[in-house]
Amino acid sequence: MFPMSETIAQLLLSWYRQNARQLPWRGSPDPYAVWVSEIMLQQTRVETVIPYFQRWMARFPSVAALAEAPLDEVLRLWEGLGYYSRARNLHRAAQLIASHYGGQLPTERAALEKLPGIGRYTAGAIASMAFGQDEAALDGNIRRVLARLFDVALPARSPAGEARLWELARQVLPPDEAGDFNQALMDLGSSICTPRSPACLVCPLTSLCRARQLGVQEQRPVLSARSAVPHLTVTAAVLRRDSQVLIAQRPPQGLLGGMWEFPGGKLEPGESLPEGLRREIREELAAEIEVGEELGVFEHAYTHFRVTLHAFFCRLRAGEPTALEASQIRWVTVDELAAFPMGKIDRQISRRLAQLHRPKGEPRG
DNA sequence: GAGACGTGGCT
DNA sequence: TAGCCAAGTCT
């Protein structure tokens with residue numbers, strides 16, 4: 001800790017005592033709750049997380065409860081939050097904690113960081129907030145606050161920038177109050193020291209802020225440009241047989257890992273939509289289909305690409321569908337679809353089917 | 001170490 | 001519309 005840090009800590013902690021948000025995971029000393037909230041909050045807004053956190057804690061109130069739950073139910077509860085590897089890792093880590101740590105989270109940063117889904121930030125956050133240890137935690141908010149406070153001109157996500165910001169995060173940390181201090185920095189970053197139009201006039205640290213003094217606060221942190229995202233056209237089959245439809249579970253790793261979907265895939269150059277869909281079903285399920293009426297068109301933006309998806313009602317012509325690329329496939333009724341974890345688009349298709357399936361005038365669930 | 005990995009909100 | 005985020009981690 002260097003001299004100016006004492007002032008920073010005093011100003012910030014005093015501000016935090018007046019302005020700390022009341023959040024469901026704050027004020028409770030349960031390390032499990034802190035852990036769950038930190039994983040949910042990765043790349044995700046507080047307002048989005050709150051209802052998920054409450055449902056999660058009601059269903060999985062402890063490490064043991066989570067460790068014993070089937071993955072499908074874990075993913076179903078996570079559905080809509082995105083970055084599903086977080087849920088898979090949380091589940092795996094709970095099983096490791098149950099088997100190797102007697103159901104109690106390890107208290108040391110290094111041990112926490114060995115668990116799946118817990119990186120440098122989350123380990124520091126849990127160690128400081130749940131166990132009172134003097135650990136720094138550099139997240140997007142703290143990165144921005146520190147880059148401005150100390151006018152860090154290095155690209156924030158470069159190795160040199162990262163190293164400098166972690167060093168600053170450790171240097172400003174007040175002994176014995178790291179947990180509150182880290183949370184105070186994050187609250188400041190999300191409410192006042194915002195990416196655009198920061199509210200410097202009401203910031204408790206404004207008199208100490210280098211970037212503010214130089215008028216470059218909006219240019220900090222220095223971010224590198226992102227590459228443009230491709231736009232794909234994809235198809236999906238709502239394959240019907242008797243009163244059931246076919247769904248497939250995606251492989252456990254990668255995009256939407258472990259989630260269920262209506263089979264289909266990317267259109268290749270020169271293909272018509274039905275041609276592409278017939279080819280995909282041949283490749284994925286070893287079956288020949290007849291492509292019928294279009295059920296809907298869905299636009300969706302993922303992190304690194306964007307899709308336009310055309311969903312079609314289909315019938316089997318030849319072959320018994322086999323899980324060639326999927327983890328498994330299932331024939332289910334429309335009413336059963338709700339129990340299977342799905343990403344945004346496939347859930348929209350499911351809901352559309354349920355609407356068509358339900359007699360008119362009946363209220364929706 | 002650059003790219004993969006979701007979704008919703010706002011511009 | 002397309003772009004840009006918002007409490008990161010993993011490979």
Side-chain angles (χ1 to χ4, degrees), chain A residues 20-21 23-26 34-53 75 78-90 92-93 112-126 128-129 136-146 155-163 165-166 169 179 181-191 193-197 218 221 223-231 250-259 261 298-308 341-348:
Chain A
R21 288 174 294 179
L23 300 171
W25 48 86
R26 278 188 181 165
V34 172
W35 173 38
V36 170
S37 72
E38 285 303 330
I39 301 297
M40 287 188 170
L41 285 163
Q42 291 171 4
Q43 303 289 285
T44 311
R45 289 182 163 77
V46 167
E47 314 81 70
T48 305
V49 164
I50 289 172
Y52 280 89
F53 176 81
L75 287 173
W78 199 273
E79 180 179 309
L81 260 189
Y83 287 129
Y84 297 95
S85 65
R86 293 184 293 172
R88 299 194 301 270
N89 286 334
L90 207 40
R92 267 207 301 148
L112 287 163
E113 212 172 327
K114 288 196 176 76
L115 293 167
I118 299 185
R120 191 170 178 185
Y121 160 75
T122 304
I126 296 172
S128 64
M129 295 173 199
L138 185 69
D139 75 327
N141 283 313
I142 299 182
R143 182 176 286 115
R144 186 170 57 254
V145 171
L146 295 178
R157 306 311 299 253
S158 67
E162 282 286 304
L165 288 164
W166 272 104
F181 183 75
N182 286 334
Q183 294 183 80
L185 276 176
M186 286 189 265
D187 274 19
L188 186 77
S190 67
S191 63
C193 196
T194 51
R196 288 173 305 281
S197 309
E218 301 237 29
L223 304 172
S224 19
R226 296 189 185 188
S227 47
V229 300
H231 191 151
R250 297 177 63 89
Q253 307 299 327
L255 185 71
L256 298 168
M259 308 290 278
E261 67 177 4
F298 304 85
E299 299 286 343
H300 189 63
Y302 294 92
T303 309
H304 54 296
F305 62 95
R306 168 183 300 270
V307 301
T308 300
M342 293 181 176
K344 179 74 184 309
I345 296 185
D346 291 279
R347 182 57 67 204
Q348 283 181 291

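Each chain gets a letter, A, B and so on, in the order its sequence line appears, and its residues count up from 1.
Nearest-nucleotide positions on DNA chain B for A:L81 and A:P159 put A:P159 closer to the 5' end. Nucleotides of DNA chain C nearest to A:L223 and A:Y83 differ in position, and the one nearer the 5' end is that of A:L223.
Side-chain nitrogen and oxygen atoms of A:Y84 include at least one within less than 4.0 Å of the OP1 or OP2 phosphate oxygen of B:dT7. Within the 4.0 Å cut-off from OP1 or OP2 of B:dC5, at least one side-chain nitrogen or oxygen of A:H304 is found. A close approach under 4.0 Å does occur between a side-chain nitrogen or oxygen of A:H300 and OP1 or OP2 of B:dT7.
Taking atom P on both C:dT11 and B:dG6, the two are 14 Å apart, rounded to the nearest angstrom. Comparing the same atom, P, in B:dC5 and in C:dA6 gives a spacing of 23 Å after rounding to whole Å.
A straight line from CZ of A:R143 to C1' of C:dG8 spans 8 Å, rounded to a whole angstrom. As a whole-Å value, the separation of A:E79 CD from B:dG8 C1' is 15 Å. Rounded to whole Å, atom C1' of B:dG6 lies 13 Å from atom CD of A:Q348. Here the C1' atom of nucleotide C:dG3 and the CZ atom of A:R306 are 8 Å apart, to the nearest Å. Spacing between atom CD of A:Q43 and atom C1' of C:dC10 amounts to 13 Å, rounded to whole angstrom units. In this structure, A:D346 places its CG atom 13 Å from P of B:dG6, rounding to the nearest Å. Distance, A:Y302 OH to C:dC4 P: 20 Å, rounded to whole Å. Atom P of nucleotide B:dC5 and atom CD of A:Q253 are separated by 11 Å, given to the nearest angstrom.
One cannot find a donor-acceptor pair under 3.5 Å joining the base of B:dG8 and the side-chain atoms of A:T48.
Salt-bridge check for A:R250 with A:E261: passed, with a basic side-chain N closer than 4.0 Å to an acidic carboxylate O. The pair A:D187-A:R26 meets the salt-bridge criterion, with a side-chain N (NZ, NE, NH1 or NH2) lying under 4.0 Å from an Asp/Glu carboxylate O. Ion pair A:E162/A:R157 flagged as a salt bridge, since at least one NZ, NE, NH1 or NH2 atom sits closer than 4.0 Å to an Asp/Glu carboxylate oxygen. Ion pairing between a basic and an acidic side chain is recognised when a charged N comes within 4.0 Å of a carboxylate O; A:E299 and A:R306 show no such pairing.
Among the protein residues, A:G343 comes within range of the sugar-phosphate backbone only, with heavy atoms under 4.0 Å from sugar or phosphate atoms but none that close to a base. The residue A:V49 sits apart from the nucleic acid: no heavy atom pair falls under 4.0 Å. Within 4.0 Å (heavy atoms only), A:G119 reaches sugar-phosphate atoms of the nucleic acid but no base atom. A:G254 comes within 4.0 angstrom of sugar-phosphate atoms only, judged by non-hydrogen atoms across all strands, and of no base. Residue contacts for A:T122: at a heavy-atom cut-off of 4.0 Å it reaches the sugar-phosphate backbone alone, with no base atom in range. Using a 4.0 Å heavy-atom cutoff across all strands shown, A:I39 reaches no nucleic acid atom at all. Heavy atoms of A:A125 sit nowhere under 4.0 angstrom from any nucleic acid atom. Within 4.0 Å (heavy atoms only), A:R92 reaches no atom of the nucleic acid at all.
Between A:H304 and A:Y302, the distance separating the two ring centers is not shorter than 6.0 angstrom.
Between B:dG6, C:dA2, C:dC5, one nucleotide has an atom nearer to the side chain of A:R45 than all others, and that is C:dC5. In this structure, of C:dT9, B:dG6, C:dA6, it is C:dA6 that holds the atom nearest to the side chain of A:R144. Looking at the side chain of A:P195, the nearest of the listed nucleotides C:dA6, C:dC10, B:dG6 is C:dA6.
A:M129 is listed as a side-chain neighbour of A:E38, based on a closest heavy-atom distance under 4.5 Å.
The closest side-chain donor-acceptor pair between A:R144 and A:T194, if any, does not fall under 3.5 angstrom.
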